[in-house]
Amino acid sequence: MSADTTGTTTRTPGVRDGLDTDAARPDGTPKVTGAFAFSSDLYAQQMLWGRTLRSPHAAARIVSIDTSAAEAMPGVAAVLTAPDVPGKATYGLEHADQPVFASDVVRYQGEAVAVVAAEHPELALRAVRAIEVVYAVTAPLTDPEAAIDAPPIHPDGNVFRHLPLRHGDIHATGEVVVEGTYEMGMQDQAFLGPESGLAIPSEDGGVELYMSTQWLHVDRDQVAACLALPAEQVRMTLAGVGGAFGAREDVSLQVHVSLLALRTNRPVKMLYSREESFHGHVHRHPAKMWFRHHADRDGTLVKVEARLVLDGGAYASSSTAVIANAVCFAGGPYRVPNAEIHGYAVRTNNPPCGAMRGFGVVQACFGHEAQMDRLAEALGMDPVELRLHNALRPGDELLTGQVITGTAPVREVIEAAVAHDLPPLPVDGESVMALPGGAGLTAERRDVRRGTGIAVSIKNLMFSEGFDDYSTAGVKLELDPRGRPIATVHCACAEVGQGFVTLAQQITRTALGVEQVLLRNADTQIGSAGSTSASRQTWMSGGAVQLACEAVQERLFERASVRSGVAVEAGRRRHFRMRDGEVVEVDGTFAMSVAELLAEGPIEEIREHHHPATEPLDEDGQGNAHVSFAFAAHRATVDVDPELGLVKVLQVATGQDIGRALNPRAVVGQIEGWIAQGVGLAVMEEILVQDGLIKNPSFTDYLIPTALDMPSVVQTVIEQPEPGAPFGAKGVGEPPTISSTPAVVAAIRAATGRELPRVPVRPQDIALT
Amino acid sequence: MPISRPTDLAGALEVLAEVPTADVLAGGTDAMVEISFDHRRPEHVVALRRIDALREHRVSPAVLELGATITYMQIETELAEHAPGLAMASRTVGSPQIRNAGTIGGNLGTASPAGDTLPWLLAMDAEVELTSAARGTRHLPLAAFITGPKRTAREADELITSVRVPRVEGPQHTAKIGPRNAMVISVACVAVIVDTTNRVVRIGMGSVGPGPLRATDAEAAVSEAIDWEALRCPEAAIGAFGRACAEAARPITDHRSTAEYRRHAVGVLAARSLRRCLNA
């Protein structure tokens, strides 16, 4: 690991658990011991239980809804349907096209039709069953390709977005051309804590909502609109989040539970079952992708052509942004002078799809990396060499015409990934668990072949296309009852496991030289922090905490200037600095402890942090649409039993561009966790949808990797501080999942010689082709 | 909902006689999943955990008898010597927590086409013991006990009390395919016993039919081909055995796999398992 200590922060040596340390998570021990309260543990006196009635059909007209039997049941406090929504009838992350309750048609299996509140969850379930809905079932539109021209199944049409991208000379051709069609199934975020929340009516007619979510303020605004309440009357507090990965960006039960609380004037809790959860949140877009790559004989890429069709399911969610990512990065982390890409995100009667870690780039990367391997084969070139030859460098242009002004260590991540030792060769007496099939005792070593593959990715950080996804943080510095300085940080950033709670403490400790740092609950009593997604919170909310700390520091220096008699009107930072819990004069002798400076009262500052403005894409998909980019390379080694099609992923070696490791242990955790999700997509994770209906809404049949399926991970982080990024750090959460999937599939191809154009790779794809 | 917790067999049978609609709870690894999915709403539960007699096993020179509430973990550890193939099958069930709770009687009672112990029990000509207060004890061959997917010949007032298998000499191997390396429901599985006592090869196949299947033609042909003195078999006969087993399968396509793959896989597993038994 290279260590670079240049950054934009003020470093204060001697503070325990500051930046660049493996500071422990404040919620680590409670989570491990079971003491941490997740949103499913919420409880209030006199609490009712809410439950949702969902459509069993993928497409149907609603002929009638009769709630009278349910309403008459003892213990049932409310039954609500579409006419009971006082405000806006629809909601949505980017386009409000999803009804709070379906009233005339249902467009996917699991769409909400009614909710009930009852004294007991079992009563709520019985009440839901007592609601009589007469449906006239219609033929579901399930083929995304057909949906483009099919009669619209929603007033807003079937194409959420057609994004063309034309770059350079679209008629250019290369001496070597390879073409391929690729497909990705529907992956689920598979968080462990199902959707849950508690709404408590407040005296002013508003509602307090405790919710596990990724973005409090965007939830609040949607809830307020549907409730016809001013935003300030919807007060949201983050409840313990049991994983998110994109699936909590959209509203699930937020509006429903708030409606029930206001109607009954009692606290109402909702908690989805696992099966309901599979129907109750968006998934990763399934994709069908065609690519044609042109290159010169020396391997220099000339042009990329692609047509990407992403199935957004019944409602828009974040489809328009997901397809933009897929299109913008369809060329991968390579210099591509010419391109013509067409991306479509379309509406069908399949389950709605939206945000999931990697956000559109996962799909594109599976295609472009398979293409790079095909191209290498056509050229008779080593796949690593081909990638190094075309690797993006700082100053290069992306397909969008945007020039990379920050760091772009693509060559470095590739070289780091392949520099790791390969996993050891099999030894006599190895555990059966080392073989594909594991405990099933299906294979002996002689049945197994080994393969290795590589893949490389680029991911944009923060929101794109002109969106100002700022963050807000407040820092208060005061003396505790024992006279020691204590800092309190307030930020609406949703902690979903990524470690912002640790980082906020580390930043504050280092910036202000205080060891005691408290975190207030994330809530809407302060301004928005933006979403915990797009690898953005370290940069955006970390930056907001940094700015607030600097503002507090400035006030300390102001006090120091008064106390020292060093009269300074502006530029105090040139005259004072922090050192070991003291403010000291830079070129003088004055020194005073922070505690003493705080004796005259606390200091509190709130700051917003905005990233540099970006632009929308023009009609040719050109423009400076993105803030910053992170790169990763993965080399996977697999053992495959070709006759049975079973795979054991042995090792994933990675090099990742992270800017700077603010908490090295947290970086390791993020990289390993994401590789688990990438491996899952490669060989097992898929929501099976037939005629619009989910066939495996359970963890019995939606398989995610167990510890036995997890490869060993060897990692090298490349630390080149990113200009303009707080502390020079890039988000680390998404890149590991993007190229680990194509790397694993490339390794299986190498072991078996199969084409494997589709993920997840199923045993029959290997054994029967 | 009433829950009966009898401490002896008679007590359990009495409740079942009075409330034939009662659900029997052993390890709960199937029942609780069905309840939490709301596929089953018990009106009365008879819990068997307090009946020590059902957790015992007996080994005689000719027969191994397993009490109904013996867990997978017990089979995997305590009974591996007497029933190696069954121990291998038990090791493939769920997680350690599931194997500590789930029972062989539960596997029989659920009678899932994917039941992990069923192919071995079928191959071994196991007999299921059913007991009721009214009619006492009866024994059914496993093939007669399982009447279809998740359907058995158990009467509502009967309890599965034990299962017994003849003891035979010779190597055994059990193999199971799932799309991940642990904690997975079978896509195809086999139990192969090279029974040197009776000089026959026995095979049971799972997840490739409405219940566990034998491949009797395949068994007969390969039993002929084996040199029982040297315990060797020509490779061609092993290959033919695999193909014949695949032929005998009656797989379906569902969300876990395709009929085509299951047929292919069960043939591969059959041949490989026989090879492993013969050290070929």
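Naming convention: chains lettered A, B, ... in sequence-line order (proteins, then strands); numbering from 1 in each chain. All values below were derived from every heavy atom in this structure, side-chain atoms included, with hydrogens, water molecules and symmetry-related copies excluded.
Sparse packing is recorded around CZ of B:Arg250, with 12 or fewer heavy atoms of other residues, nucleotides or ligands lying under 6.0 Å away. Atom CZ of B:Arg232 sits in a sparse spot, with 12 or fewer heavy atoms from other residues, nucleotides or ligands closer than 6.0 Å. A 6.0 Å sphere centred on CD of B:Glu260 holds no more than 12 heavy atoms belonging to other residues, nucleotides or ligands. Within 6.0 Å of CE on B:Met32 lie no more than 12 heavy atoms contributed by other residues, nucleotides or ligands. Atom CD of A:Glu444 sits in a crowded spot, with more than 12 heavy atoms from other residues, nucleotides or ligands closer than 6.0 Å. Within 6.0 Å of CD on B:Glu43 lie no more than 12 heavy atoms contributed by other residues, nucleotides or ligands.
Contact annotation: the side chain of B:Arg256 never approaches that of A:Asn696 to less than 4.5 Å [non-hydrogen atoms, C-beta and beyond]. Proximity of B:Arg272 to A:Asp641: side-chain heavy atoms (C-beta onward) are separated by under 4.5 Å at one or more points. When side chains are defined from C-beta on, A:Thr706 does not count as touching B:Asn181, because their heavy atoms never get closer than 4.5 Å. The shortest distance between side-chain heavy atoms of A:Leu644 and B:Leu269 falls below 4.5 Å. A:Lys695 places none of its side-chain heavy atoms less than 4.5 Å from the side chain of B:Asp254.
For the salt bridge (charged side-chain N to carboxylate O under 4.0 Å, His left out) condition, the pairs that include at least one residue of residues 74-93 of chain B, sequence neighbours left out, are B:Glu76-B:Arg91, B:Glu76-B:Arg99.
The two atoms that bring B:His255 and A:Leu688 nearest to each other are O-CD1, 3.1 Å, heavy atoms only. The nearest pair of heavy atoms linking B:His264 to A:Glu643 is NE2-O, 2.6 Å. Pairing each heavy atom of A:Leu441 with each of B:His173, the nearest pair is O-NE2, 3.0 Å.
Heavy atoms closer than 4.5 Å to chain B are found in the side chain of A:Glu122, but not in its backbone. Interface remark: B:Ile185 contributes side-chain atoms only to the contact with chain A (heavy atom separation under 4.5 Å). For B:Ser186, no part sits under 4.5 Å from any heavy atom of chain A, backbone or side chain. Proximity to chain A (any heavy atom under 4.5 Å) is restricted, for B:Val184, to the side chain, taken from C-beta onward. Heavy-atom distances place no part of A:Ala707 under 4.5 Å from chain B, backbone and side chain included. Heavy atoms of A:Gln690 lying under 4.5 Å from chain B are absent altogether. For A:Ile704, the parts lying near chain B are the backbone and the side chain together; criterion is any non-hydrogen pair under 4.5 Å. Residue contact with chain B, scored on non-hydrogen atoms closer than 4.5 Å, is absent for A:Ser273. Looking at A:Phe699, the atoms closer than 4.5 Å to chain B (heavy atoms on both sides) all sit in the backbone: N, CA, C or O. Using a 4.5 Å cut-off between heavy atoms, A:Leu646 contacts chain B through its side chain alone, with no backbone atom that close.
Between atom CZ of residue B:Arg180 and atom CD of residue A:Glu685 there is a gap of 9.5 Å, rounded to the nearest 0.5 Å.
Contact count versus chain A (heavy atoms, under 4.5 Å) is highest, among B:Arg262, B:Met183, B:Arg41, for B:Arg41. Contact count versus chain B (heavy atoms, under 4.5 Å) is highest, among A:Val683, A:Leu708, A:Asp701, for A:Asp701. Each of A:Gly438, A:Gly440, A:Ala439 has some count of heavy-atom pairs under 4.5 Å with chain B, and the biggest count is that of A:Gly440.
The stretch residues 758-769 of chain A places A:Pro763, A:Gln764, A:Ala767, A:Leu768 near chain B, each with some heavy atom under 4.5 Å from a heavy atom of that chain.
Between the B:Arg276 side chain and the A:Thr442 main chain, no donor and acceptor come within less than 3.5 Å of each other.
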